[in-house]
> 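I'd like to ask you about the structure that follows.
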Amino acid sequence: MKMVVCGCCAASWRRCVVMSLRLLFLLPAGLPVRSQGESQSDNKQMDNITIRQGETLFLSCSQGDFVTHTAWLNRSSILYAGEDKWSVDPRVSLVTLNQDEFTIKIEDVDLTDEGQYICAVQTSSRPRTTSVHIIVQVPPKIVNLSKDLVVNEGSNVTLMCLANGKPEPAITWRMLSPSDDSLSSDSEVLEIPFISRYRAGVYECTASNDIAVDTQTVELTVNYPPSVSDGRDVGVTLGQRGVLQCEADAVPEADFEWYRDDRRIFNGFDGIEIEDSGALSKLTFFNVSEADYGNYTCVAINKLGSANTSIILYEMTSSDLKQTAFENSDLLEGPGAVQDGNSGTSTVFTPTCLLLIVLLQLFLKF
């Protein structure tokens, strides 16, 4: 691409620059261009300059001797003509203008600043142009991301992540929490067919290019009906405190109902307390009577369904308590051994001690 700066214009320098700019974009590339004085212009193409968005750009060209006029142009706009600023952009300023150098500065470079820039120099003999192409790199930024989702188990889920940047950013999806490397995608869309409760969690979208990385997350909640753990029967002696427990796994959390046979039990009924805490419900008897023994049913309910389990409250006698205590005791470690509850060591009766005990018993008979 070539440009002519009028060497013998009678009009002002500014008008010459404008005319030269028109010639630049009207004449075909590679066509010899001459000024009114038939002197061939010198045109130089510099290597491309790559800069990141937000940085400061310095554009400089050498002047040489006998320079009469200079100008910096950006595509169809004149930025500076000598010391006169033509650009209305406050980011553009003059740094140096002398016989050796003509430098301008563009602060906070943006994508709109990308393109060709030309330094036009008019000497006493011929015009000279130097052009350079500016490439602006932009860090990735996620601009469109799926919102947090609440879906029912079995649904088909699509997560979308769109990002801008230059070079064009690569998009990846992964399950962040709980971590699952098997559930990932290298595209803008992550498809999860027939989603299960085990796919609920936090998903991370990453947009990356040669400059930087941008990440954002989406939380995915999966609703499913309750499932209740098998109830454990509870034995309690008369007059003692007894607690029946019911645990349910559900999203959203389940509401609990307690029944004795077909009759629903309410909190405070006959001195019975019902306490619900998250996934756990407790039915407490503060003073168990004969009438309290029997079969109880716990029902867990949410908007997707229900589940239940049965628990028996039965009477435990004193002999049952002794038997339970005996079975749970670890005082005896084996024949001939006695457990010391303080030290945890065992003392073993020796044969001599056993012999003395037998002799003592025989002596007492006589």
> Hey, is R174 close enough to E204 for a salt bridge, meaning N to O under 4.0 Å?
yes
> So do the side chains of C246 and T309 get within less than 4.5 Å of each other, counting heavy atoms only?
yes
> Distance from L97 atom CG to D84 atom CG, nearest 0.5 Å?
10.0 Å
> Do F269 and V299 sit in one hydrophobic cluster, given that two such residues count as connected whenever their side-chain heavy atoms are within less than 4.5 Å of each other, even indirectly?
no
> Does any part of the side chain of L94, heavy atoms only, come nearer than 4.5 Å to the side chain of F102, both counted from C-beta?
yes
> Distance check, rounded to the nearest 0.5 Å: T284 atom OG1 versus Q245 atom CD?
8.5 Å
> Does N144 CG have over 12 foreign heavy atoms under 6.0 Å away?
yes
> Look at atom CD of E168 and say whether more than 12 heavy atoms of other residues, nucleotides or ligands are closer to it than 6.0 Å.
no
> Within the side chain of Q122, is there an N or O that forms a donor-acceptor pair under 3.5 Å with the backbone of T68?
no
> Compare all side-chain heavy atoms of I272 with those of L283 and state whether any distance is below 4.5 angstrom.
yes
> Do V222 and S196 touch side chain to side chain, with heavy atoms closer than 4.5 Å?
no
> For residues A250 and P226, report the shortest heavy-atom separation together with the two atoms involved.
CB-CA, 3.6 Å
> Hey, does I211 have a side-chain heavy atom less than 4.5 Å from the side chain of Q53?
no
> Using modelled atom types and a 3.5 Å cut-off, is there a donor and acceptor pairing between side-chain atoms of N164 and backbone atoms of K141?
no
> Answer yes if F256 and V228 sit in the same cluster of Ile, Leu, Val, Met, Phe, Trp and Tyr residues linked by side chain heavy atoms under 4.5 Å apart, and no otherwise.
no
> With the threshold set at 4.0 Å, does a side-chain nitrogen-carboxylate oxygen contact exist between R91 and D113?
yes
> Does V202 share a hydrophobic cluster with V218, counting links as ILVMFWY side-chain heavy atoms below 4.5 Å and allowing steps through other members?
no
> For a side chain to side chain contact (heavy atoms under 4.5 Å, CB included) check, start with the C-alpha distance between N209 and Q137, then their side-chain angles and the critical distance, and finish with the verdict.
CA-CA 10 Å; N209 61 13; Q137 291 184 329; over 6 Å; no
> Given E275 and K282, is the salt bridge (charged side-chain N to carboxylate O under 4.0 Å, His left out) satisfied, shown in steps?
CA-CA 5 Å; E275 181 184 3; K282 294 180 180 181; 5.5 Å; no
> Kindly compute the distance separating CD (E101) from OG1 (T70), expressed to the nearest 0.5 Å.
12.0 Å
> Around atom CG of D230, are there more than 12 heavy atoms from other residues, nucleotides or ligands closer than 6.0 Å?
no
> Test your reading of the model: is there a side-chain donor-acceptor pair from D233 to the backbone of I311, 3.5 Å cut-off?
no
> Among I171, T215, I142, exactly one meets side chain to side chain contact (heavy atoms under 4.5 Å, CB included) together with T206. Which residue is that?
T215
> Rounded to the nearest 0.5 Å, what separation is found between the CD1 atom of I301 and the NZ atom of K303?
15.0 Å
> Under 3.5 Å, is there a donor-acceptor pair linking the side chains of N302 and Y224?
no
> Rounded to the nearest 0.5 Å, how far apart are CG of L73 and OH of Y80?
13.5 Å
> Is any side-chain heavy atom of W72 closer than 4.5 Å to a side-chain heavy atom of N74?
no
> Looking at side-chain heavy atoms only, is the closest gap between I274 and F266 below 4.5 Å?
no
> Is E114 reaching over with its side chain to a backbone N or O of V136, donor-acceptor style, under 3.5 angstrom?
yes
> Any idea which heavy atoms bring Y203 and L183 closest together, and the distance?
OH-CD2, 3.1 Å
> Which atoms form the tightest heavy-atom contact between I51 and E55, and what is the distance?
CG1-OE1, 3.3 Å
> Work out which heavy atom in E315 is nearest to a heavy atom in E290; give both atom names and the distance.
OE1-OE2, 3.7 Å
> If only atom types and distance count, is the side chain of K166 paired as donor or acceptor with the main-chain N or O of I135 below 3.5 Å?
no
> Would you sort out whether W258 and L244 count as a side chain to side chain contact (heavy atoms under 4.5 Å, CB included), showing the intermediate values?
CA-CA 10 Å; W258 285 91; L244 307 184; 4.0 Å; yes
> Under 4.5 Å between any side-chain heavy atoms of V121 and T130, yes or no?
no
> Could you grab the distance from atom CG of D276 to atom OG of S281, nearest 0.5 Å is fine?
4.0 Å
> Do the side chain of S146 and the main chain of M160 share a donor and acceptor less than 3.5 angstrom apart?
yes
> Kindly give the heavy-atom pair with the smallest separation between L59 and V132, and that separation in Å.
CD2-CG1, 4.2 Å
> Does the side chain of Y259 come under 3.5 Å of the side chain of R264 through a donor N or O and an acceptor N or O?
no
> Looking at every non-hydrogen atom in both residues, tell me the closest pair between P178 and G201 and how far apart they are.
CD-CA, 4.3 Å
